[in-house]
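Okay, structure first, notes after.
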Amino acid sequence: MSAMLKEIRCADAGFDCGFLVRSHDTNEVVYTLRQHARRVHETEIERGVIEEKILVLPATRSAGT
Ligand SMILES: [Zn+2]
């Protein structure tokens with residue numbers, strides 16, 4: 001399992017919007033942003049477009065467990 005955190009901003013997909021999604025799960029990032037675009041911008045964003053723009057953040061050590 002990779003602990004890499006994925007992040008995408010709605011602005012990266014071309015909208016003037018501050019919405020941000022962060023998850024370890026790429027599918028979740030894609031899904032959440034698409035839901036948001038549909039609801040807020042009434043637009044479909046291609047999955048490929050989102051995957052291209054996803055930013056992978058350096059892994060951080062989490063305390064605990
Ligand atoms: Zn947005």
Side-chain angles (χ1 to χ4, degrees):
M1 280 292 285
S2 164
M4 302 288 258
L5 199 58
K6 322 292 195 307
E7 178 186 293
I8 189 162
R9 285 159 204 273
C10 193
D12 294 334
F15 297 99
D16 184 13
C17 175
F19 185 76
L20 171 87
V21 192
R22 234 180 230 178
S23 174
H24 290 107
D25 184 347
T26 303
N27 285 328
E28 198 182 314
V29 173
V30 171
Y31 178 82
T32 305
L33 185 64
R34 296 192 77 202
Q35 288 288 312
H36 162 83
R38 218 172 280 158
R39 243 179 270 155
V40 178
H41 305 296
E42 295 178 341
T43 310
E44 291 285 335
I45 305 177
E46 292 289 328
R47 185 184 187 88
V49 171
I50 298 172
E51 283 173 344
E52 261 176 39
K53 310 267 185 190
I54 284 178
L55 187 71
V56 180
L57 304 176
T60 49
R61 284 166 210 278
S62 57
T65 52

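- When the shell of 6.0 Å around OH of Tyr31 is examined, it contains 12 or fewer heavy atoms from other residues, nucleotides or ligands.
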Cut-off 3.5 Å, no hydrogens considered: what does the side-chain donor-acceptor table look like for residues 45-55, sequence neighbours left out?
residue, atom, partner, partner atom, Å
Arg47, NE, Glu51, OE2, 3.1
Arg47, NH2, Asn27, OD1, 2.4

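- Summarising the hydrophobic clusters (Ile, Leu, Val, Met, Phe, Trp, Tyr; side-chain heavy atoms under 4.5 Å, direct or chained), the residues clustered with Leu20 are none.
- Residue Cys17 holds its SG atom at 8.5 Å from CG of Leu33, rounded to the nearest 0.5 Å.
- For Phe19, the ring-ring contact (aromatic ring centres under 6.0 Å, His included) test picks out His36, with sequence neighbours left out.
- Shown here are the side chain to side chain donor-acceptor pair (under 3.5 Å) partners of Glu44, two or more places apart in sequence or in another chain: Arg34, Arg38.
- In this structure a side-chain-to-backbone donor-acceptor pair under 3.5 Å is missing from Lys6 to Val56.
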Point to revise | Candidate pair Phe15 and Thr43, rule side chain to side chain contact (heavy atoms under 4.5 Å, CB included), full reasoning | key: CA-CA 10 Å; Phe15 297 99; Thr43 310; 4.1 Å; yes
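- Sorted by first and then second residue, the salt bridge (charged side-chain N to carboxylate O under 4.0 Å, His left out) pairs involving residues 9-25 (not counting sequence neighbours) are Glu7-Arg9, Glu7-Arg22.
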